Engineer: 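What follows is a single structure, and I will ask about it in a moment.
Values in this document were obtained by computation on a predicted structure and should not be read as measured data.
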Amino acid sequence: MLGLISAVRKNSLAEAAGIVAGDKLVSVDGMQVKDIIELSFYISDYEVELELENAHGQRRQVHIDKYPDEDLGLEFEAAVFDKVSTCYNNCIFCFVDQMIPGMRKGLYVRDDDYRLSFLYGNFITLTNLKEEDFQRIIQTHMTPLYVSVHATDAKVRCEMMHNRFAGQLMEKLERLFDAGIEVHTQIVCCPGYNDGEILTKSFHDLYERYPNVLTMAVVPVGITKHREGLHPLRTFTKEEAAALIDQVTPWQQQCREETGKTFIYLGDEFYLLAGREVPSADWYDGFPQLENGIGLTRSFVDEWHETLATLGSYQAASAAVIPVGESAYNVLQPLLADLNKQYGSEHSFIPVPNEFFGGKVNVTGLLTAGDILRSCKDSGKRLILPAVVLNNDKLFLDDTSLEQFRKAYPGKVDIAKDAKELLHLLLES
């Protein structure tokens, strides 16, 4: 149970105490620490005694005098120092089960840890919570949490998750609500399983518990080509996506009339698949589930227009190509066509077929280096990568590093994390 220190901030208390990246935190005031949540509690006093272990396995004591709640300046490789709680379920739609074999270990970890839910918004199922976990959540008031519901119907949830205890969801949620814990929820919607009447029940059950349930997101199941031996499953058709939008829209209108908020949000893929316009920004209430793909398209489009409206004297930069998922291409390409017309530029979005995952996977965030290179390498133009295709270690999903990608691509490679950065790369003052 050691916390590996990945960085020490300059001019911090930790730097002054001689702590360096690569050291491991053994204990605080003689107490072993499970995660950064617990660490923040133990270091909140005027002084703290740290036990550290260096890269050679040698241990030392470090005493630090500080103000209460003053930050030490430490950054850790992981937020959890002990073993991450993993998923006990065998969900019929699990994306991890559809990964190609032989990739880095992290891609196969099915975390189901309430601490990562509180810290980073990871969705958990609540199926592996022990009594001590409930007590800690309640005593330290870890709110909000992010919960994968999938169905409030107990039988359907058990069947979809292949866990006979999964049907206890509502009782566990009520216990959290009684303690003042709020939750954001999601449903991975699978046609023929938890859509239709089952989705109707899930909506009413969760909406009845507003504002304890802060939001409800419905995202479509993702299917890759790697489903050998897995449960039969398919994606939504264009007509089914349109029908689901028509089913949910009246609920959204009801929620807005009664609470001032939409409450239930649909993943962008439903609108793109159905050929429907994504809702306006106010429909997303500040984008509380943006990281879950809820409102990404609207956020990008609005930021694009807002940035263009504030630009001063700019001209076209050298021609560039931007790889995007096939689902977003039809929405984004008109933006670039207008920009090219206005500035006389020759930029282009390139829709990249996802051969790595295959199936119906067509979102930008799941593009690999290999697929991007196959689609863009012969363009001869500067390439601008959406930052979403890289993880924090600058690795693509196919384990290609950014450095390797740059060596393989014949032109310059830039990165844009959002519409504003993209526009500043496409135009120059």
Side-chain angles (χ1 to χ4, degrees), residues 31 33-45 68-69 71 79-82 84-85 87-89 111-154 157 161 163 165-188 201-218 251-252 254-265 284-292 294-295:
M31 302 291 294
V33 181
K34 297 178 181 178
D35 47 58
I36 62 173
I37 302 171
E38 207 166 64
L39 176 64
S40 65
F41 172 78
Y42 283 123
I43 65 172
S44 62
D45 213 340
D69 298 323
D71 186 56
V80 175
F81 305 156
D82 59 355
V84 171
S85 296
C87 186
Y88 291 171
N89 311 298
D111 78 80
D112 200 7
D113 198 306
Y114 66 92
R115 297 168 295 181
L116 299 180
S117 180
F118 172 65
L119 290 168
Y120 304 125
N122 294 16
F123 280 92
I124 56 174
T125 65
L126 303 182
T127 56
N128 67 354
L129 287 186
K130 303 179 180 66
E131 177 60 28
E132 62 189 72
D133 299 325
F134 272 107
Q135 291 297 329
R136 189 179 180 203
I137 291 169
I138 293 169
Q139 290 172 4
T140 59
H141 199 64
M142 292 187 193
T143 188
L145 296 177
Y146 291 73
V147 177
S148 286
V149 170
H150 307 316
T152 58
D153 183 286
R157 193 170 195 255
M161 298 172 68
N163 185 335
F165 300 109
Q168 301 170 359
L169 170 74
M170 298 309 294
E171 293 89 337
K172 292 179 178 180
L173 284 176
E174 291 294 352
R175 182 177 181 185
L176 295 176
F177 298 158
D178 289 343
I181 306 299
E182 299 170 323
V183 299
H184 293 280
T185 63
Q186 77 158 353
I187 287 177
V188 176
K201 173 175 171 53
S202 295
F203 164 69
H204 288 298
D205 287 344
L206 295 175
Y207 184 46
E208 284 177 3
R209 284 140 177 104
Y210 176 85
N212 297 112
V213 177
L214 296 168
T215 61
M216 175 183 174
V218 182
W251 300 341
Q252 295 175 318
Q254 173 191 349
C255 293
R256 292 191 68 80
E257 291 171 1
E258 295 175 352
T259 70
K261 294 185 177 180
T262 303
F263 178 74
I264 177 172
Y265 310 92
Y284 290 100
D285 304 313
F287 302 96
Q289 289 213 37
L290 191 67
E291 296 298 320
N292 198 20
I294 306 295

Engineer: Would you compute the distance between atom OG1 of Thr262 and atom CZ of Arg256 and round it to the nearest 0.5 angstrom?
Structural biologist: 4.0 Å

Engineer: Please name the pair of heavy atoms, one in Ala154 and one in Gly167, separated by the smallest distance, quoted to 0.1 Å.
Structural biologist: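 Heavy atoms of Ala154 and Gly167 come nearest at CB-O, 3.6 Å.
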
Engineer: Would Arg209 count as a cation-pi partner of Phe177, with NZ or CZ less than 6.0 Å from the six-membered ring centre and within 45° of the ring normal?
Structural biologist: no

Engineer: Holding to salt bridge (charged side-chain N to carboxylate O under 4.0 Å, His left out), I want the full list of residues that pass it with Lys201, two or more places apart in sequence or in another chain.
Structural biologist: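 If we apply the salt bridge (charged side-chain N to carboxylate O under 4.0 Å, His left out) test to Lys201, skipping adjacent residues, the hits are Asp205.
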
Engineer: Of all residues at least two apart in sequence or in a different chain, which pass the salt bridge (charged side-chain N to carboxylate O under 4.0 Å, His left out) check with Asp133?
Structural biologist: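 With sequence neighbours excluded, Asp133 shows a salt bridge (charged side-chain N to carboxylate O under 4.0 Å, His left out) to no residue whatsoever.
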
Engineer: Which pairs, with at least one residue in residues 35-44 and sequence neighbours excluded, count as a side chain to side chain donor-acceptor pair (under 3.5 Å)?
Structural biologist: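 Applying side chain to side chain donor-acceptor pair (under 3.5 Å) to every pair that reaches into residues 35-44, excluding sequence neighbours, yields Asp35-Arg115, Asp35-Arg136.
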
Engineer: Are the side chains of Phe263 and Trp251 in touch, meaning some heavy atoms are under 4.5 Å apart?
Structural biologist: no

Engineer: In Å, rounded to the nearest 0.5 Å, how long is the span from CD of Glu174 to CE of Met170?
Structural biologist: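 If I round to the nearest 0.5 Å, the distance is 6.0 Å.
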
Engineer: So do the side chains of Phe118 and Ile137 get within less than 4.5 Å of each other, counting heavy atoms only?
Structural biologist: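 Not in contact.
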
Engineer: Side-chain atoms of residues 122-130: list all donor-acceptor pairs with protein atoms under 3.5 Å, sequence neighbours left out, distances to 0.1 Å.
Structural biologist:
residue : atom : partner : partner atom : Å
Thr125  : OG1  : Asn89   : ND2          : 3.2
Thr125  : OG1  : Asp112  : OD2          : 2.7
Thr125  : OG1  : Thr127  : N            : 3.3
Thr125  : OG1  : Thr127  : OG1          : 2.7
Thr127  : OG1  : Asn89   : OD1          : 3.4
Thr127  : OG1  : Asn89   : ND2          : 3.2
Asn128  : ND2  : Thr86   : O            : 3.1
Asn128  : ND2  : Asp112  : O            : 3.2

Engineer: Find the distance between CG (Leu176) and CD (Glu171) and round it off to the nearest 0.5 Å.
Structural biologist: 12.0 Å

Engineer: Are Met216 and Ser202 close enough, and set up right, to give a side chain to side chain contact (heavy atoms under 4.5 Å, CB included), and what steps lead you there?
Structural biologist: CA-CA 9 Å; Met216 175 183 174; Ser202 295; 4.3 Å; yes

Engineer: According to salt bridge (charged side-chain N to carboxylate O under 4.0 Å, His left out), who are the partners of Asp111, at least two apart in sequence or on a separate chain?
Structural biologist: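 So Asp111 forms no salt bridge (charged side-chain N to carboxylate O under 4.0 Å, His left out) with any residue.
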
Engineer: Quick check: do Phe134 and Lys172 have side-chain heavy atoms less than 4.5 Å from each other?
Structural biologist: yes

Engineer: Please give me the minimum heavy-atom distance between Phe287 and Ile294, naming the atom from each residue.
Structural biologist: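 Minimum heavy-atom separation between Phe287 and Ile294: CD2-O, 4.0 Å.
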
Engineer: Does a side chain donor of either Glu258 or Tyr207 reach within less than 3.5 Å of an acceptor in the other side chain?
Structural biologist: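 Distance-only check passes for Glu258 and Tyr207.
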
Engineer: Could you measure the distance from the CG atom of Leu169 to the CG atom of Asp153? Nearest 0.5 Å is fine.
Structural biologist: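 With rounding to 0.5 Å, CG (Leu169) is 11.0 Å from CG (Asp153).
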
Engineer: Does atom NZ (Lys34) have a neighbourhood of more than 12 heavy atoms from anything else shown, all under 6.0 Å?
Structural biologist: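 For Lys34, atom NZ is not crowded (no more than 12 foreign heavy atoms under 6.0 Å).
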
Engineer: To the nearest 0.5 Å, how far apart are CZ in Arg157 and OG in Ser148?
Structural biologist: 8.0 Å

Engineer: Excluding sequence neighbours, so at least two apart, what forms side-chain contact (heavy atoms from CB on, under 4.5 Å) with Ala179?
Structural biologist: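 Per chain and number, Ala179 pairs via side-chain contact (heavy atoms from CB on, under 4.5 Å) with Ile138, Ile181.
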
Engineer: If you take all heavy atoms of Thr185 and Gln289, which pair is closest and at what distance?
Structural biologist: O-NE2, 3.0 Å

Engineer: Check whether any side-chain heavy atom of Leu214 lies under 4.5 Å from a side-chain heavy atom of Pro288, and answer yes or no.
Structural biologist: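 No - every pair of side-chain heavy atoms lies 4.5 Å or more apart.
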
Engineer: Which heavy atom of Asn292 sits nearest to which heavy atom of Ala217, and what is that distance?
Structural biologist: ND2-CB, 3.8 Å

Engineer: For the atom pair CD1 (Ile187) and OG1 (Thr152), what is the distance rounded to the nearest 0.5 Å?
Structural biologist: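 Those atoms lie 7.0 Å apart.
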
Engineer: Measuring only between side-chain heavy atoms, which start at C-beta, is Leu290 closer than 4.5 Å to Tyr284?
Structural biologist: no

Engineer: Closest approach of Ala79 and Tyr120, non-hydrogen atoms and distance?
Structural biologist: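 That would be CB-OH, 3.2 Å.
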
